[in-house]
Participant: 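My questions will all concern the structure given below.
Small disclaimer: the values here were computed from a predicted structure and weren't measured.
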Amino acid sequence: MLVAPSILSADFGHLARDVAAICEGGCDLVHVDVMDGHFVPNLTIGPVVVEAVAQEANKPLDIHLMVENNTFFVDLFAPLKPEFISFHIEEEKHPHRLIQKIRALGIRPAITLNPHTPIEAIEFLLEEVDMVLLMSVNPGYGGQKFIPSVVEKAQRLKALIEKRNPKCLIEVDGGVNDQNVKELEAAGVDIVVAGSFVYKHPDGIEKAISALK
């Protein structure tokens, strides 16, 4: 299992320290939640802060856009050369075009589904993306409780991926911990995002990341 800790749960007063801590603690990706205050009620960080994160991190960035104007934000963050940029299917009128744009920028395109969005919504996009991100909480805030139905959703998505694009990864974000990660792994999930579990673990960041692997 690959682990992508979300810096949304970091101490932003000591962001460089907390980014370095997850990289030294064995993470595989650094998950960056970008929220615009429109698609979701919360407002998070822009390219100036993410550039500082990129400079501190020695692991690739995994940028998750929770925004209304996806194209604008892709252009904003593309110069930082993240590994992935994921966008929500619920907000994008021209997903195929946006996927092509992201790939042309040298970034791996990913697509995100809210908990209520059926996997059929992206069936005919699977051959074009490198990853699908399944939300296991409602997007917008950290620290929410895991929605168990995402396990079945991941199983069904895995079956569809095996038919259409076996190289496509599955990522799950929201309420992931050392208990439900085993179910997710069995369902075919490749990457888990964890914020609160990693940053607030009583035994420290390294033990938390290790527990998810």
Participant: Looking at M135, is its backbone amide N or carbonyl O close enough to the side chain of D173 to form a donor-acceptor pair, meaning the two atoms are under 3.5 Å apart?
Facilitator: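 No, the answer is negative, given that no donor and acceptor are paired below the 3.5 Å cut-off.
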
Participant: Using the rule side chain to side chain contact (heavy atoms under 4.5 Å, CB included), only one of V74, I99, I85 pairs with P109; which is it?
Facilitator: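 When side chain to side chain contact (heavy atoms under 4.5 Å, CB included) is applied between P109 and each of V74, I99, I85, only I99 qualifies.
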
Participant: With a 6.0 Å cut-off (strictly less than), is the heavy-atom count around CD of E128, excluding the residue itself, greater than 12?
Facilitator: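 For E128, atom CD is crowded (more than 12 foreign heavy atoms under 6.0 Å).
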
Participant: If hydrophobic clusters are built from ILVMFWY residues whose side chains come within less than 4.5 Å, do I63 and V193 share one?
Facilitator: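 Looking at the clustering, V193 is in a separate group from I63.
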
Participant: Mind listing the closest non-hydrogen atom pair of P139 and M66 along with its distance?
Facilitator: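 Reported closest heavy-atom pair: CB-SD, 3.6 Å.
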
Participant: Run S9 and V198 through side chain to side chain contact (heavy atoms under 4.5 Å, CB included) and show every step you take.
Facilitator: CA-CA 8 Å; S9 296; V198 168; over 6 Å; no

Participant: For A78 and L105, work out which heavy atoms get closest and say how close.
Facilitator: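 The answer is CB-CD1, 3.7 Å.
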
Participant: Is any side-chain heavy atom of K101 closer than 4.5 Å to a side-chain heavy atom of R97?
Facilitator: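 They are not in contact (no side-chain heavy atoms under 4.5 Å apart), so the answer is no.
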
Participant: Drop me the distance from N180's CG to L212's CG, to the nearest 0.5 angstrom.
Facilitator: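 Spacing of CG (N180) from CG (L212) equals 8.5 Å.
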
Participant: So do L134 and V189 actually touch side chain to side chain, heavy atoms under 4.5 Å?
Facilitator: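 When only atoms from C-beta onward are counted, L134 and V189 do not touch, as no gap falls below 4.5 Å.
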
Participant: With rounding to the nearest 0.5 Å, note down the distance linking CG in N70 to CG in L98.
Facilitator: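 So the CG of N70 and the CG of L98 are separated by 5.5 Å.
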
Participant: Can you see which heavy atom on I209 is nearest to which on V3, and at what distance?
Facilitator: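 Heavy atoms only, the tightest pair is O-CG2, 4.1 Å.
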
Participant: Quick one: pull up NZ in K163 and NZ in K158 and give me the separation to the nearest 0.5 Å.
Facilitator: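 Reported value, rounded in 0.5 Å steps: 14.0 Å.
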
Participant: Supply the atom-to-atom distance E83 CD to D130 CG, rounded to the nearest 0.5 angstrom.
Facilitator: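 Output value for this atom pair is 8.5 Å.
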
Participant: Just by distance, no angles: are the side chains of S6 and D33 close enough, under 3.5 Å, to form a donor-acceptor pair?
Facilitator: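 Side chains of S6 and D33: pair found under 3.5 Å.
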
Participant: What's the shortest heavy-atom distance between F197 and A208, and which atoms?
Facilitator: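 Residues F197 and A208, closest heavy atoms: CE2-O, 3.4 Å.
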
Participant: Going by atom types alone, do E127 and N165 pair a side-chain donor with an acceptor below 3.5 Å?
Facilitator: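 E127 vs N165: no donor-acceptor pair found between side chains.
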
Participant: Counting only heavy atoms not in K213, do more than 12 fall under 6.0 Å of its NZ?
Facilitator: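 Result for NZ/K213: enclosed.
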
Participant: Find out if a path of hydrophobic residues (ILVMFWY) with successive side-chain heavy-atom gaps under 4.5 Å connects L2 to I170.
Facilitator: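 L2 does not cluster with I170.
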
Participant: Determine whether L80 and V19 fall in the same hydrophobic cluster, where Ile, Leu, Val, Met, Phe, Trp and Tyr are linked whenever their side-chain heavy atoms lie under 4.5 Å apart.
Facilitator: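 Yes, one cluster joins them.
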
Participant: Looking at every heavy atom in both F12 and I7, which two are closest together, and how far apart are they?
Facilitator: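 For F12 versus I7, the nearest heavy atoms are CE1-O, 3.1 Å.
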
Participant: Calculate, to the nearest 0.5 Å, the distance between atoms CG and CD1 belonging to L133 and I89 respectively.
Facilitator: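 Result: 12.5 Å between the selected atoms.
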
Participant: Quick check: is L65 connected to L61 through a chain of hydrophobic side chains (ILVMFWY, heavy atoms under 4.5 Å apart)?
Facilitator: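 Yes: a chain of side-chain contacts under 4.5 Å links L61 to L65.
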
Participant: Report yes if the side chains of I161 and L126 come closer than 4.5 Å at any heavy-atom pair, otherwise no.
Facilitator: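 A side-chain contact under 4.5 Å exists here.
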
Participant: Name the atoms and distances for all side-chain donor-acceptor pairs under 3.5 Å in residues 115-125, with sequence neighbours left out.
Facilitator:
{"from": "T117", "atom 1": "OG1", "to": "E90", "atom 2": "OE2", "distance (Å)": "2.5"}
{"from": "E120", "atom 1": "OE2", "to": "R156", "atom 2": "NH2", "distance (Å)": "3.1"}
{"from": "E123", "atom 1": "OE2", "to": "R164", "atom 2": "NH2", "distance (Å)": "3.4"}

Participant: Write down the atom of I107, the atom of P82, and the distance for their closest heavy-atom approach.
Facilitator: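 Answer, listing the atom of I107 first, then P82: CG2-O, 3.6 Å.
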
Participant: List the residues meeting ring-ring contact (aromatic ring centres under 6.0 Å, His included) with H88, not counting sequence neighbours, and say none if there are none.
Facilitator: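 Checked H88 against ring-ring contact (aromatic ring centres under 6.0 Å, His included); matches are F39, H64.
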
Participant: Hey, does the side chain of K59 reach the backbone of C27 with a donor-acceptor pair shorter than 3.5 angstrom?
Facilitator: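 Indeed, once roles are kept as given, a pair shorter than 3.5 Å links the two residues.
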
Participant: May I ask you to test the F146-V151 pair for a side-chain heavy-atom distance under 4.5 Å?
Facilitator: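 Yes - at least one pair of side-chain heavy atoms lies under 4.5 Å apart.
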
Participant: Between M35 and V67, is there a side-chain heavy-atom distance shorter than 4.5 Å?
Facilitator: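 Counting from C-beta outward, V67 and M35 never come under 4.5 Å.
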
Participant: Examine I22 and V53 and state if one hydrophobic cluster contains both, with Ile, Leu, Val, Met, Phe, Trp and Tyr joined whenever side-chain heavy atoms are less than 4.5 Å apart.
Facilitator: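 They do share one cluster, since a chain of ILVMFWY contacts under 4.5 Å joins I22 to V53.
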
Participant: Would you compute the distance between atom OG of S136 and atom CG of L184 and round it to the nearest 0.5 angstrom?
Facilitator: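 Between atom OG of S136 and atom CG of L184 there are 7.0 Å.
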
Participant: What orientation do F73 and F77 show, parallel under 30°, tilted 30 to 60°, or perpendicular over 60°?
Facilitator: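 Because their plane-to-plane angle is under 30°, the rings of F73 and F77 count as parallel.
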
